[in-house]
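Following: one structure in structure tokens, then a few remarks.
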Amino acid sequence: MSTLIVVAHPDPTSLTRDVAARLAAALPTGQVEIADLAAEGFDPRFTLADRHSFLVGGDYPEDVAAEIARVERADHLVLVFPVFWWSMPAVLKGWIDRVFVNGWAFGVGEGEGIRPGLGRLSAHMIPIAGSDAALYERRGYDASIATQIGTGIFNYCGIRRGLTEFLYDADSGAAAAHVDGVVERIAAAVRG
């Protein structure tokens, strides 16, 4: 079972990148690909070419086609990202906007409604939070992320929702004590 780990953090020394690397090491050798969006310079801007692709359900820009191929090679998708403003960083949102496209991730047809296209894929998330779990629960941040990403993106595209494992207290450094457990639970879910 192949896994694509998508990482969205500009700092090469970040906890986000460390968690992604540790997860990759916990999965079977040769069955993991890491898409480090910031390091690779992925352009998250939705352009007129992307709009054209949406309207025709194909004719994808070259960089989008390459990312689609990456996802096609995977059975599991794991998003590892810091929480910015109750959601994911712009580079990850742009990756989803541009890559989870009409004609592939879903289809829009007259009278037929939405046709999910990624039912063969499962997805897991590791949101890395600067604050503690109590704050997230009190303010509904965890529910917001589950709704925005889990329902709004994964369910829309037919992706099977796997685990979401928050790493809280990253700003204080306390999250480091929980990395091993989070990595093991996500790795176990991927391994089935």
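All residue numbers refer to positions in the sequence shown, counting from 1.
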Heavy-atom pair with the smallest gap, counting every atom of Arg160 and Gly119: NH1-O, 2.8 Å

- request: Sequence neighbours left out, what passes side chain to side chain contact (heavy atoms under 4.5 Å, CB included) with Pro61? Give chain and number order.
  value: Ala49, Asp50, Ser53, Asp63, Val64, Arg98

field: Between Trp86 and Gln148, a side-chain donor and acceptor under 3.5 Å
entry: no

Non-hydrogen atoms of Ala74 and Leu121 that approach each other most closely: O-CD1, 3.6 Å

message: For residues 53-76, which residue pairs pass the ring-ring contact (aromatic ring centres under 6.0 Å, His included) check, not counting sequence neighbours?
response: none

Which pairs of donor and acceptor atoms, one on a side chain in residues 123-137, lie under 3.5 Å apart (sequence neighbours left out)?
| residue | atom | partner | partner atom | Å |
| --- | --- | --- | --- | --- |
| His124 | ND1 | Leu163 | N | 2.9 |
| Asp132 | OD1 | Ala134 | N | 3.2 |
| Asp132 | OD1 | Leu135 | N | 2.8 |

statement: Here the salt bridge (charged side-chain N to carboxylate O under 4.0 Å, His left out) pairs for residues 183-192, sequence neighbours left out, are Glu165-Arg185, Glu184-Arg191

query: Would you say Ile149 and Val101 are hydrophobically clustered, going by side-chain heavy atoms of ILVMFWY under 4.5 Å?
result: yes

- prompt: Can you list every pair that meets salt bridge (charged side-chain N to carboxylate O under 4.0 Å, His left out) and has a residue in residues 25-48, with sequence neighbours left out?
  reply: Arg17-Asp36, Glu33-Arg70, Glu33-Arg73, Glu40-Arg70, Asp43-Arg45

query: Can you check whether Val182 reaches Val179 side chain to side chain, under 4.5 Å on heavy atoms?
result: no

query: So do Val108 and Ile114 actually touch side chain to side chain, heavy atoms under 4.5 Å?
result: yes

query: Does anything in residues 78-93 pair up under salt bridge (charged side-chain N to carboxylate O under 4.0 Å, His left out), and if so which pairs, sequence neighbours excluded?
result: Lys93-Asp97

side-chain contact (heavy atoms from CB on, under 4.5 Å), paired with Val32, selected from Leu27, Leu23, Leu4: Leu27

message: Please tell me whether Ile34 and Val80 are part of a single hydrophobic cluster in this structure, the criterion being side-chain heavy atoms less than 4.5 Å apart.
response: yes

query: At their closest point, which heavy atom of Ser87 faces which heavy atom of Phe81, and how far apart are they?
result: O-CE1, 4.2 Å

- prompt: How about Trp104 and Leu118: do any of their side-chain heavy atoms sit closer than 4.5 Å?
  reply: yes

message: Ring-plane angle category for Phe166 and Tyr168, please: parallel below 30°, perpendicular beyond 60°, tilted otherwise.
response: parallel

- request: Please report the shortest heavy-atom distance between Val91 and Ala8, naming the atom on each side.
  value: CG1-CB, 3.8 Å

task: Hey, could you give me each pair passing salt bridge (charged side-chain N to carboxylate O under 4.0 Å, His left out) that has a residue in residues 5-16? Not counting sequence neighbours.
output: none

query: Closest approach of Val78 and Thr3, non-hydrogen atoms and distance?
result: CG2-CG2, 3.9 Å

message: Tell me whether Val71 shares a hydrophobic cluster with Phe42, the cluster being built from Ile, Leu, Val, Met, Phe, Trp, Tyr side chains joined at under 4.5 Å.
response: yes

message: Under a 3.5 Å distance rule, please check whether Asp59 uses its side chain to pair with a backbone N or O of His52 as donor and acceptor.
response: no

task: Only counting residues at least two apart or in another chain, list the ones meeting salt bridge (charged side-chain N to carboxylate O under 4.0 Å, His left out) with Asp169.
output: none

- prompt: Going hydrophobic residue to hydrophobic residue with side-chain gaps under 4.5 angstrom, can you get from Val83 over to Leu15?
  reply: no

task: Could I get the full list of ring pair (Phe, Tyr, Trp, His ring centres under 6.0 Å) partners for Phe84, not counting sequence neighbours?
output: none

query: What's the shortest heavy-atom distance between Leu167 and Ala175, and which atoms?
result: CD2-O, 3.6 Å

Side chain to side chain contact (heavy atoms under 4.5 Å, CB included) partners for Ala26, two or more places apart: Val183, Ala187

task: Would you mind listing the cluster partners of Leu48? Hydrophobic ones only (ILVMFWY), side-chain contacts under 4.5 Å, chaining allowed.
output: none

query: Do the side chains of Met88 and Ile5 join up, straight or via other hydrophobic residues, at under 4.5 Å, putting them in one cluster?
result: no

Table please: side-chain donor-acceptor pairs of residues 151-159 below 3.5 Å, with sequence neighbours left out.
| residue | atom | partner | partner atom | Å |
| --- | --- | --- | --- | --- |
| Thr151 | OG1 | Arg161 | NH1 | 3.2 |

